[in-house]
Every structure is written in C-alpha cells, then in structure tokens.
Amino acid sequence: MRQAGAYSGILSRKTGPHSLPLARIKKIMKKSSDDVKMISGEAPIVFSKACELFIEELTKRAWIIMTNNNMHEKRRSTLQKDDVASAIIATDVFDFLVNLVSSTHDNNCELMNEESHQDIMEDI
C-alpha cells in the first residue's frame, strides 16, 4: 500500500506545463460512464502522468523490437505503426490493445521465426 504523499511529485506539477491536455483527459473521464459526475482537479494530473508512462513503455518495447528485427538490414531511426503493433502483440500486458492492430500485421508476425521471437522477449 502506498503511503500518503506518494503522488506528491506528480501533484506538485499542478500549475506547471503538462504533456497531455488536462481538459481533454477530464472530458474522456466524464465520457467513460454516466455515473461520473465530478472529477477532482488532481485526478486528470495523475492520469496525464500515467499516460506519459504508458507511452514511454510502449515506445521502448517497440524500439527494442524494431532494432532486433532490423539487425541484418540498414538501421532505420523511425518508429513505425508495425513496430508498435509488434510490441503490443509480443507483450502480454498490452493484450487489451490487440484488437486495435490490423489483421495484416498478424500475418507478418506469424512469419517471424520462434528464435527471433525468443530473442526479442529476452531483451524486453
């Protein structure tokens, strides 16, 4: 269990710039359920930080997969949709996003041999 003040680092940014628009986060939160009537000022800030961490983690995993898949080819420095889709498919915690990736990507993933898949999973 977290102690009181565990989120103080996040909440101290209350007046500072945010990477994600807090008004948009609050709007999404309100749309999530008819039961949500009021949202405290701190809740969107916590969601903003959680979204930032989520994006960072998914990007890191996609980058690892991209670099492992392109070891024998010319290295590219641009993360692409297929790289993100591969990270979603390869990581169990992102299973809730699998429906968002296209079915054509699933066919490409099946072509990846078991050995390279194991190498990717070890790096993650």
Side-chain angles (χ1 to χ4, degrees):
M1 181 166 189
R2 295 186 187 263
Q3 294 184 6
Y7 297 106
S8 61
I10 296 170
L11 298 179
S12 65
R13 295 178 42 192
K14 189 170 17 178
T15 58
H18 301 282
S19 297
L20 300 171
L22 298 180
R24 179 70 179 133
I25 292 170
K26 198 168 187 176
K27 186 175 181 179
I28 293 168
M29 291 172 70
K30 285 184 178 181
K31 285 183 176 182
S32 69
S33 173
D34 291 336
D35 296 333
V36 177
K37 304 289 183 208
M38 300 287 288
I39 298 170
S40 73
E42 293 89 6
I45 296 169
V46 174
F47 269 98
S48 175
K49 185 62 179 176
C51 290
E52 288 176 29
L53 295 173
F54 172 78
I55 292 166
E56 285 176 17
E57 183 65 22
L58 186 52
T59 302
K60 287 176 189 175
R61 290 175 185 262
W63 187 261
I64 289 169
I65 288 174
M66 180 195 70
T67 55
N68 284 342
N69 286 346
N70 295 322
M71 291 177 104
H72 304 294
E73 301 172 15
K74 182 180 176 186
R75 298 197 36 109
R76 59 183 164 95
S77 58
T78 304
L79 205 58
Q80 297 174 352
K81 175 188 168 193
D82 285 343
D83 302 321
V84 177
S86 294
I88 289 169
I89 291 168
T91 309
D92 290 342
V93 76
F94 297 138
D95 280 349
F96 69 99
L97 297 172
V98 170
N99 293 335
L100 294 177
V101 297
S102 69
S103 60
T104 57
H105 181 73
D106 293 338
N107 295 335
N108 292 341
C109 284
E110 290 174 9
L111 299 175
M112 186 172 33
N113 66 32
E114 186 62 31
E115 183 179 320
S116 65
H117 181 71
Q118 289 295 338
D119 291 343
I120 291 168
M121 294 309 292
E122 288 172 8
D123 287 344
I124 294 175

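Closest non-hydrogen pair, W63 versus R76, comes out as CH2-O, 4.3 Å. Of all the heavy atoms in S48 and L22, the pair that sits closest is CB-CD2, 3.8 Å. Between L58 and F94, the shortest heavy-atom distance links the atoms CD1-CE1, 3.6 Å. For P44 against G41, the heavy-atom pair with the smallest separation is CD-O, 3.5 Å.
The shortest side-chain heavy-atom distance between I89 and V101 falls under the 4.5 Å cut-off. Contact check for E57 versus L53: no side-chain heavy atoms found under the 4.5 Å cut-off.
Note: L20 CG to I25 CD1 = 5.0 Å, rounded to the nearest 0.5 Å. Interatomic distance, S86 OG to N68 CG, rounded to the nearest 0.5 Å: 11.0 Å. Distance CG/D83 to CD1/I64: 12.0 Å, rounded to 0.5 Å. Rounding to the nearest 0.5 angstrom, the gap separating the NZ atom in K26 from the OG atom in S40 is 8.0 Å. Here D82 contributes atom CG and M66 contributes atom CE; the two are 12.5 Å apart, rounded to the nearest 0.5 Å. Atoms OG1 and CZ, from T59 and F54 in turn, are 9.0 Å apart once rounded to the nearest 0.5 Å.
Neither I28 nor I45 shares a network with the other; the hydrophobic side chains, linked directly or stepwise wherever heavy atoms of I, L, V, M, F, W or Y lie under 4.5 Å apart, form separate groups for each.
Counting non-hydrogen atoms of other residues, nucleotides and ligands closer than 6.0 Å to CZ of F47 gives a total of 12 or fewer. Around the CG atom of D34, the shell of radius 6.0 Å holds no more than 12 heavy atoms that belong to other residues, nucleotides or ligands.
Checked by atom type and distance alone, the side chain of T91 never pairs as donor or acceptor with a backbone atom of V93 at under 3.5 Å.
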